[in-house]
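Taking it in order: structure first as structure tokens, then the write-up.
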Number of protein chains: 2
Amino acid sequence: MDKPKLADVAERAGVSLTTVSRVLNNRGYIGDKTRKKVHAAMKELNYYPNEIARSLFIKKTYIVGVIFPTTNNPFYGQLIYHLENFCEALGYKVLLCNSGGREDKERAYLEMLQSHQVDGIIAGAHNRGIDIYQRSKMPIVGVDRYLADHIPIVSSDNYRGGVMATEHLIDRGCKHVLHINGQLSLETPANLRRNAYEETMKQKKMPYQTYETVGDYISRMFDENPKIDGVFASDDLIAARVIREANKRGMRVPENLKVIGYDGADMTRMLLPELTTIKQPIKEMAEEAVRLLMNQINEVENPTVANITLPVQLIQGKTT
Amino acid sequence: MDKPKLADVAERAGVSLTTVSRVLNNRGYIGDKTRKKVHAAMKELNYYPNEIARSLFIKKTYIVGVIFPTTNNPFYGQLIYHLENFCEALGYKVLLCNSGGREDKERAYLEMLQSHQVDGIIAGAHNRGIDIYQRSKMPIVGVDRYLADHIPIVSSDNYRGGVMATEHLIDRGCKHVLHINGQLSLETPANLRRNAYEETMKQKKMPYQTYETVGDYISRMFDENPKIDGVFASDDLIAARVIREANKRGMRVPENLKVIGYDGADMTRMLLPELTTIKQPIKEMAEEAVRLLMNQINEVENPTVANITLPVQLIQGKTT
DNA sequence: ATAAATATGTCAACCGGTTGACATATTTAT
DNA sequence: ATAAATATGTCAACCGGTTGACATATTTAT
């Protein structure tokens, strides 16, 4: 037996197609008894209206595509969680796309999302040079990521966070502060943290060096800098690795080495609460991203492209 | 200007609708020149075929609904990551549903997924008594969760894991081993870990007690058990809390107190590698779940309902 | 030279809903 | 008593594709 359709419900309830449609969409006049009959018929038949058919006609799917590298990460996992929650609250569903940092996957996902007629996209994937972002007129919001000139970005104050982290280590007495960051070539806003570190150090006339996360960068950093006494890691996972390596080398944190991370996601704070970190307002970032997207979806013309930058916060732990 | 449709492509390429459709679906005979013309027209118009319209006709969406409490958790974040990857590899998209442990949300999501005509559902949410699972004839797989008699379950060997964890603590010399687990009433397979703990202790004629994660259970556990020297926590997050509280109380881990967790998700192992834990094969669980789902989706009749139980592994850290 | 294969077209029905126009009957308000 | 509001129906077009039947023209194989 096939899935029941609107016509089956109408027959069962002894009313016309139009009447069932009216009940479903709450349009026009419907009598109480009729409404109940229709609902009863839907229940008896285990009927669920076909959203695909509806979407086709109304040209709206109430689906938002969400493209990020992975959910398997404290920061993205939390961000995606909140994105989904805010979307759900507004009646939108989320199509999850893990790009895994691969440009080909991101491109394929973007095409898929367009084909699937999503109402909008929230993206924070890694790759540049994807022209679809340029060409697309679809509502899009970037989270912590520049995608195209006309696409608004939600991020937290990466530069300020970088300054806070660096100054914090200096305030705590560090003389040789090193920084670890992703590859410069990725052109992410995380580079602002690096700029902030380097400019702050320069300004204080202290030596500085940034290690990029390639190869065995942590060992190399320790080997090349015997006097190291402070590390600003551009995310908490890296900070955890640094602490582990330091312990392995017999250095005590925070006595001999102070370490500050970045992100301050819920799961990190549960598992590693002693880590000093710069906390990004992840939930608020998700909220703003959804808000900006809905502005674009609902405003017919002229959605104001205003980038949003949210404040970060230093969480003092026991590693600095 | 509206989105281009098939007819626009046909006009642009100077061919018929049918020909464009043939190119799109690779059906029947198509000449090389025509194919190229059509592809050129699609590119020029920035055309993406409307999957919604296609889905309606072929009665297949290539969408899988994925219902779990949250992505904001090392275990689920990783599981969902792999689920998405395996689905993507097979040409299926993932609709993400975070039930947040709320029955009403789970129910609403299930209805939504049916309406959206998803081809199948993979669920590991918390609530029982949702009759939709019983009634539904849709392909469904439960991960670590009983949903209905006819729905296959993928899980890891929770009982064995519980035995391994308990015996490990005893082997390491613990005399007073306590267990922390979620509420029994949730009826999750994690209860098997509890059973394993209790039966193992009973068999060794050692005193045992399980604390459920309600209220200030950790403080209570320590207060009520001054001789406590071992804790088997039913997940790693709880284990992290236990270690923290122990340190706060001046107990040294593992000298005075040995702690073993459960799950061994990637992120936990990165942030807290020193934790001894029972590692679930999360990626393999995702793989099996997708495999079982595809079996149901593709087999017309008589999909064999075989539950899958995968082996767990003890990861020796420094907390035991 | 002829049949088969290849290439493309026209046409109409269909997927499962929504919507507007219009008709008709009944109930409610003044 | 009469107009307006309420309740329901019929009908047809539409959303943007797919598909099968059939026609016709050209190319390829024997």
Side-chain angles (χ1 to χ4, degrees), chain A residues 1-42 45-63 111-119, chain B residues 1-42 45-63 111-119:
Chain A
M1 196 201 56
D2 255 12
K3 271 182 198 160
K5 54 171 95 169
L6 201 103
D8 301 317
V9 176
E11 192 187 18
R12 178 88 172 205
V15 299
S16 72
L17 279 184
T18 309
T19 301
V20 179
S21 182
R22 281 182 186 132
V23 171
L24 237 49
N25 296 288
N26 254 309
R27 288 176 59 248
Y29 300 115
I30 320 134
D32 242 27
K33 269 174 286 182
T34 310
R35 177 180 275 118
K36 271 176 198 145
K37 265 196 303 184
V38 170
H39 278 132
M42 294 197 303
L45 293 172
N46 200 20
Y47 171 76
Y48 293 93
N50 187 326
E51 266 292 310
I52 296 294
R54 181 155 201 275
S55 292
L56 181 59
F57 188 84
I58 65 173
K59 292 168 181 266
K60 192 153 166 45
T61 53
Y62 290 97
I63 296 182
E111 289 176 8
M112 181 274 278
L113 292 173
Q114 310 240 104
S115 280
H116 246 283
Q117 313 296 117
V118 298
D119 293 341
Chain B
M1 197 200 56
D2 254 11
K3 272 183 200 162
K5 54 170 92 168
L6 201 104
D8 300 318
V9 176
E11 193 188 16
R12 178 87 171 204
V15 298
S16 72
L17 279 183
T18 309
T19 300
V20 178
S21 182
R22 281 182 187 133
V23 171
L24 238 48
N25 296 288
N26 253 310
R27 288 175 59 248
Y29 298 116
I30 320 135
D32 243 28
K33 268 173 286 181
T34 310
R35 177 180 276 118
K36 270 175 200 148
K37 264 196 303 184
V38 171
H39 278 131
M42 295 197 302
L45 293 172
N46 201 19
Y47 170 77
Y48 293 93
N50 187 326
E51 265 294 309
I52 296 294
R54 181 154 202 275
S55 293
L56 180 60
F57 188 85
I58 66 174
K59 293 170 179 264
K60 191 154 168 44
T61 53
Y62 291 96
I63 295 182
E111 288 177 7
M112 181 274 278
L113 292 174
Q114 310 240 104
S115 281
H116 246 281
Q117 313 296 115
V118 297
D119 293 339

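The chains referred to below are lettered A, B, ... by the order of the sequence lines, with proteins before strands, and numbering in each begins at 1. Quick note: numbers below take in every heavy atom, side chains included, and nothing from hydrogens, waters or symmetry partners.
Here the closest non-hydrogen pair linking B:Lys3 and B:Asp8 is O-OD2, 4.1 Å. Of all heavy-atom pairs spanning A:Met42 and A:Val9, the tightest one is CG-CG1, 3.6 Å. The nearest pair of heavy atoms linking B:Leu24 to B:Pro49 is CD2-CB, 3.9 Å. The shortest non-hydrogen separation linking B:Ile52 to A:Gln117 is CG1-CG, 3.6 Å. Closest approach of A:Ser115 and B:Tyr48 over heavy atoms only: OG-CB, 3.8 Å.
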- After noting the C-alpha distance and the side-chain angles of B:Gln114 and B:Glu111, does the key distance pass the side chain to side chain contact (heavy atoms under 4.5 Å, CB included) rule? CA-CA 5 Å; B:Gln114 310 240 104; B:Glu111 288 177 7; 5.6 Å; no
Hey, can you pull the donor-acceptor pairs under 3.5 Å for the side chains in residues 27-41 of chain A, sequence neighbours left out?
unit_1, atom_1, unit_2, atom_2, d
A:Arg35, NH2, A:Asn26, OD1, 3.3
A:His39, ND1, A:Arg35, O, 3.3

What protein N or O atoms touch nucleotides 25-30 of chain D N or O atoms at under 3.5 angstrom, if any, and at what distances?
none

Tabulate protein N/O versus nucleotide N/O from nucleotides 15-21 of chain D, keeping only pairs under 3.5 Å, one per line.
unit_1, atom_1, unit_2, atom_2, d
D:dC15, O3', A:Lys59, NZ, 3.3
D:dG16, OP1, A:Lys59, NZ, 2.3
D:dG16, OP2, B:Lys5, NZ, 2.9
D:dG16, N2, B:Ala53, O, 3.3
D:dG17, OP1, B:Tyr47, OH, 3.3
D:dG17, OP2, B:Leu6, N, 2.6
D:dG17, O5', B:Tyr47, OH, 3.0
D:dT18, OP1, B:Asn25, OD1, 3.3
D:dT18, OP1, B:Asn25, ND2, 3.0
D:dT18, OP1, B:Arg54, NE, 3.2
D:dT18, OP2, B:Ser21, OG, 2.8
D:dT18, OP2, B:Asn25, ND2, 3.4
D:dG20, OP2, B:Arg27, NH2, 3.4

- Item | Secondary-structure notation, DNA chain D, from Watson-Crick and G-U pairs under 3.5 angstrom (| other strand) | ||||||||||||||||||||||||||||||
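B:Tyr29 has no side-chain polar atom (N or O) that falls below the 4.0 Å cut-off from OP1 or OP2 of C:dA7.
Partners of B:Leu17 according to the side-chain contact (heavy atoms from CB on, under 4.5 Å) rule, which considers only residues two or more places apart in sequence or in another chain, are B:Leu6, B:Ala7, B:Ala10. Residues that satisfy the side-chain contact (heavy atoms from CB on, under 4.5 Å) test with B:Lys59, not counting sequence neighbours, are A:Asp2.
With rounding to the nearest 0.5 angstrom, the CZ atom of B:Arg22 is 6.5 Å from the OG atom of B:Ser16.
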